[in-house]
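See below for the structure under consideration.
In each ligand, atom 1 is the first atom listed, and ligand 1 is the first ligand listed.
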Amino acid sequence: MFAPSLPARRPGLASRVGAQARRRLWLLPLLASALFVVAVLVWAYRAEVEDQDARRATMIADALSSEAQLQSRLDTEMSYLQDLAHQIARLPKTAAALEANPVVVDGLRRLWLSVTWLDAKNRIVAHVPDHQLLSGLRSKDLLDSPGVSSHLMLEIHGEKLIVRYSPTRLLRQGLPWWLTRKYDVQLIDGYQQMIASVDEVPLRLEAQGRETYMVLVGGNMPGAYLELTARELTRPLWRTLPIVLVSGFLTLMLVATLLLRRQVVRISLAESAWRTEAAWRQAMEDSALVGLRARDAEGRILYVNRTFCTMVGLSAEQLVGLQPPMPYWPPDALDEVMLRNKRNLEGRAPRDGYEALWCHQDGRRLNVMVFESPLIDANGQQTGWMGSIIDITARKRLEARERHQAEAMAQQSRLTTLGEVASALAHQLNQPLTVIMGYNAGLQRMLADAGYDNQAVLHALAQQGEQAAEAGRIVRRIREFLTRRGPQREACDLGAVAQRAAALLQRDLQAAGVQLQWALASDLPAVFADPILLEQVLINLLRNAADAMASMGQRPEGLARIRITAQRSGERFVRLDVEDSGPGLDGRTVEHLSAPFYSTKSDGMGMGLAICRSVIEVHHGGMDAGASSLGGARFSFTLPVFDAQMQEASLADEDARASLEQDP
Ligand code: ADP
């Protein structure tokens, strides 16, 4: 499995051809054996041919030497006959005399069957042995001498000596023993009739398959042939031992090859099943939405699937073999991740998975859910950990959005309630304020009619009336704003509005020991805004600054400072900054601070900045916050510069809205 991403791809043409060739490999031993057998056959054939030639040459030599020996034996017998012929002139012409002759006695003992003495007229002078004795005395010789007889004849002074002898005995006595053991030797005549044989039952009759050779005897045996027949059968080549052995070997090889083939077929079937399974597994791993990662006991990556690579933006080659820390761990939380990794490798990872934050190679962060399970090898030993990883970034994002939406909805509903309460409150306050103003006006009139002239009292009453009227205006504007009637915009001097707001808070600022600094540009153009709402914005910003500095406790004189800067921002905007030397915003953004109901104050409502921001935005301006060079916070806003066209457009807008409200 972890042939790292020893991955099973689709076999190419070359590998398929290779596989087919491998499947035919079992034929190789058979072919080699067949070649070997052919070589042995060729060698055996050539050896056999050479052997046959050698045997034939030996046989010819043996035949010639046998013939020579027989001739020499007959020549010897002839010389004995000549000896007898020399003695015969002195012999009485009787059979007894002849029989007693030592040459005759030796001859009969040796080879001769009979000796016949003929006179010049071919009449028998003497004949030994006697015919009557023949059956009794020489029967054994006759038995020893089967077959036809032959004779030697010598003529001397007209008389003839004829010696009959047995060619069979001649063969048996005249040839060496080893020759007769090796060959069946026969004498045959020109008509293929057997004259004599060394064997009682001549082999010649069953000479088939045996080698024979004939040589003409001549001399004392005219017309006779000496025939040698090998006793050893010449077996056909296919019956010789090497061929039998080789055939046996070939048969065994054939059987072995068949068994081998069966085995090869089984193996190739198993291999193809394995390939299919590997391809399936690879396809499944690649199509899985779950990232897979196998690690050894030290945390070294052994295997990753394609999904894992896509998740972290690294290839399998880049990942396999890596040791912690991994390149996909967030660099800013390495220590924490290392600790968690140690815990996991010790087998203490939560069973139902744990959440982690990883980094894609392109810097993107991703939330993942990791499930660790033991990696077991073929012997049942745990060799590491197998992790299944699910990318839950989208889910997390969705959850956060849902949470945010729920919060926004809750805030919205609170805002609506607040708006309704504030609207009702403004409505309720309007009444008593109008009454106060009425009473004040009535009282002033009555005092004037009565000629009362205490200026201090009259001034106080006039101030009271003005403030009540101001309060009435504020309440009305806020109510209008909350009931979504547009602000009553006009050309107003931002510096003057800021100074009015500061004047209203003067008492509080002084009590807090705040030093107020002004930096208003001299060429500041008028802005197009509702001065009463703008005043509220500035009051809020100044009060927040004073509160922030007061939260730092008692400070030496001159340390609590607020600077108000107003200047042009480009062609179309005026910008105003309120800076303080308080604790600062600690990285919080204006969006954060102006979220409705966000407050760090024990008695804060968290609506001040929210209202400020929406007032500024309603005026087509923008709000921003950051650090101040005074050491604390800076709140800034921009407002559009006033021009006549703008006013016309705004008036047309208001008319349209008013007609809509009247005719809902
Ligand atoms: P409230 O004044 O009721 O808390 P605001 O919306 O006016 O509501 O302010 C929200 C929060 O913003 C404050 O609670 C405070 O934490 C922070 N804040 C506002 N102005 C400043 C400032 N000048 N310096 C430091 N923090 C400030």
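When the side chain to side chain donor-acceptor pair (under 3.5 Å) test is applied to Arg634, the partners found at least two apart in sequence or on another chain are Ser636. Glu466 pairs by the side chain to side chain donor-acceptor pair (under 3.5 Å) definition with nothing, not counting sequence neighbours.
Remark: minimum distance from atom 5 (P) of ligand 1 to any protein heavy atom is reached at Leu609 N, 3.7 Å. Among all non-hydrogen protein atoms, the one lying nearest atom 2 (O) of ligand 1 is Lys601 NZ, 2.7 Å. Closest protein heavy atom to atom 13 (C) of ligand 1: Thr600 OG1, 3.9 Å. For atom 20 (N) of ligand 1, the nearest non-hydrogen atom of the protein is Asn544 CB, 3.3 Å. At the shortest separation from atom 4 (O) of ligand 1 among protein heavy atoms lies Ser599 OG, 2.6 Å. Taking atom 23 (N) of ligand 1 as the reference point, the nearest protein heavy-atom neighbour is Asp580 OD2, 2.9 Å. Considering only non-hydrogen protein atoms, atom 12 (O) of ligand 1 sits nearest to Leu593 CD2, 3.6 Å.
Residues Glu399 and Arg395 form a side-chain contact, since some pair of their non-hydrogen atoms from C-beta on lies under 4.5 Å apart.
Of the protein's heavy atoms, at least one falls inside 4.0 Å of atom 8 (O) of ligand 1.
Arg295 and Asn341 share a donor-acceptor pair across their side chains, judged by distance under 3.5 Å alone. Residues Ser594 and Arg613 bring a donor and an acceptor atom of their side chains to less than 3.5 Å of each other. Side chains of Gln536 and Asn540: a donor-acceptor N/O pair is absent below 3.5 angstrom, by distance only. Of the N and O atoms on the side chains of Gln488 and Asp530, not one donor lies less than 3.5 Å from an acceptor on the other residue.
Heavy atoms of Pro583 stay at 4.0 angstrom or farther from ligand 1. Residue Gly582 places no heavy atom under 4.0 Å from ligand 1.
Of the N or O atoms in Gly606, one or more lie within a sub-3.5 Å distance of an N or O in ligand 1. Where the criterion is an N or O separation shorter than 3.5 Å, residue side chain and backbone included, Met605 meets it with respect to ligand 1.
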